[in-house]
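To start, the structure under review is shown below, and the notes come after it.
Every chain is numbered from 1, with letters handed out A, B, ... down the list of sequences.
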There are 2 protein chains.
Amino acid sequence: MRIGELAEATGTTTKALRFYEEAGLLPSPDRTGAGYRDYPPEIISRLAFIRRSQSAGLTLAQIREILQIRDGGQAPCEHVQELLSDRLSDLDRQIAELQELRGTVAQLQADATTVEPARCDPATVCRYL
Amino acid sequence: MRIGELAEATGTTTKALRFYEEAGLLPSPDRTGAGYRDYPPEIISRLAFIRRSQSAGLTLAQIREILQIRDGGQAPCEHVQELLSDRLSDLDRQIAELQELRGTVAQLQADATTVEPARCDPATVCRYL
DNA sequence: CTTGACCTTCCCCTGCACTGGAAGGTCCAA
DNA sequence: TTGGACCTTCCAGTGCAGGGGAAGGTCAAG
């Protein structure tokens with residue numbers, strides 16, 4: 001199948017597919033006589049895996065690692081477990097940071113709306129920040 | 001005061017200060033005979049405002065907007081309130097998204113650790129993703 | 001035979017907030 | 001006078017995941 005068909009079948013773009021190939025996530029496909037990329041149907045499930053992994057928040061670099069282990073003939077189970085654990089820790093940390101920031105901003109915003117009648121001191125930039 | 005002093009006084013770098021000037025957050029300072037930037041002491045509180053705004057998660061573009069209103073002689077109160085409200089909505093949305101993602105990843109990770117003894121099917125990339 | 005849709009490679013651009021380094025000028029102390 | 005610390009401008013790069021568009025080749029239909 002040609003690159004445009006594959007893009008449509010997987011909901012991505014030809015640009016992205018060439019980029020994935022360049023980035024080592026997709027193997028270099030065969031070429032037709034005219035030099036067109038000619039993908040085997042199985043590539044669709046590989047793309048689906050890439051999509052699922054992206055949905056889990058893995059970077060292309062991490063996905064490439066998994067695929068390389070798999071392509072090397074090994075089962076990437078342990079590596080995947082580790083990546084997922086790391087991702088979970090990251091998410092917990094990110095969420096905690098955002099919640100703390102949310103508290104700060106909510107306080108600032110509350111001050112900014114309730115104290116409103118007092119006009120800002122022209123000499124300072126902003127009394128709320 | 002020279003740029004190096006200001007950088008040290010405000011905990012930033014000379015690079016960042018020139019960048020802020022270029023980006024319209026700092027006015028072009030006077031120059032000494034040798035062409036060195038010569039900042040007035042008041043600039044320190046402007047930098048402090050920039051730092052506080054960054055801590056609240058505002059982008060440099062948003063901070064520049066506030067400063068431009070202020071520099072135009074107006075009180076940026078309403079604009080600040082709006083920016084803070086928007087920021088709060090953004091944070092709520094981001095937190096919700098991350099929490100949903102966290103649920104997904106936690107499930108994947110749980111599956112990956114408990115189902116472990118069953119080896120992966122060599123024909124697929126990974127049974128967990 | 002030509003039109004239009006598809007394909008190829010190539011290089012640059014995006015947003016964000018800077019950082020690094022080159023090439024050169026200035027100032028102060030030893 | 002020389003060394004080192006500071007300053008200047010300008011250009012380029014960082015990380016992430018591609019997107020935009022040029023210049024040119026290919027293929028099927030009308």
| query | Can you pull the salt bridge (charged side-chain N to carboxylate O under 4.0 Å, His left out) pairs that have at least one residue in residues 3-32 of chain A, sequence neighbours excluded? | reply | A/Glu21-A/Arg37

| request: Can you check each nucleotide of nucleotides 25-30 of chain D against protein heavy atoms at under 4.0 Å and return B for base, S for sugar-phosphate only, - for none, in 5' to 3' order? | output: BBS---

| said: Could you work out, with side chain to side chain contact (heavy atoms under 4.5 Å, CB included) as the rule, every residue matching B/Ile69, not counting sequence neighbours? | reply: B/Gln74, B/Pro76, B/His79

| Can you name the side chain to side chain contact (heavy atoms under 4.5 Å, CB included) partners of B/Leu25, sequence neighbours left out? | B/Tyr20, B/Ala23, B/Ile50, B/Leu60, B/Ile63, B/Arg64, B/Leu67

| said: If you assign each of B/Lys15 and B/Gln54 to its closest nucleotide in DNA chain C, which residue comes earlier from the 5' end? | reply: B/Gln54

| For DNA chain C, which nucleotides open and close the run of contacts to chain B, 5' to 3', at under 4.0 angstrom from a non-hydrogen atom? | C/dA17 to C/dC27

| said: So for the helix from C/dC1-D/dG30 to C/dA30-D/dT1, with five pairs setting each end axis, what is the inter-axis angle to 10°? | reply: 40°

| query | Which parts of residues 18-28 of chain A get close to DNA chain D, meaning a heavy atom less than 4.0 angstrom away? | reply | A/Phe19, A/Tyr20

| note | The side chain to side chain contact (heavy atoms under 4.5 Å, CB included) partners of A/Ser85 (sequence neighbours excluded) come to B/Gln109

| field | Spacing of B/Arg37 atom CZ relative to D/dC6 atom C1', expressed in whole Å | value | 13 Å

| By a strict heavy-atom criterion of less than 4.0 Å, which residues belonging to residues 90-102 of chain A are in contact with DNA chain D? | none

| said: If I take atom CG from residue A/Leu84 and atom CG from residue A/Asp90, how far apart are they, to the nearest 0.5 angstrom? | reply: 11.5 Å

| query | Which residue pairs satisfy the side-chain hydrogen bond (donor to acceptor under 3.5 Å, both in side chains) criterion with at least one member in residues 94-103 of chain B, sequence neighbours excluded? | reply | A/Asp92-B/Arg102, B/Arg93-B/Glu97

| task | Mind calculating the distance between CG (A/Leu58) and C1' (D/dA17) to the nearest angstrom? | result | 15 Å

| remark: Contacts of B/Asp71 meeting salt bridge (charged side-chain N to carboxylate O under 4.0 Å, His left out) (sequence neighbours excluded), chain-then-number -> B/Arg46

| request: Return the set of residues passing side chain to side chain contact (heavy atoms under 4.5 Å, CB included) with A/Gln107 (not counting sequence neighbours), or none when no residue passes. | output: A/Asp111

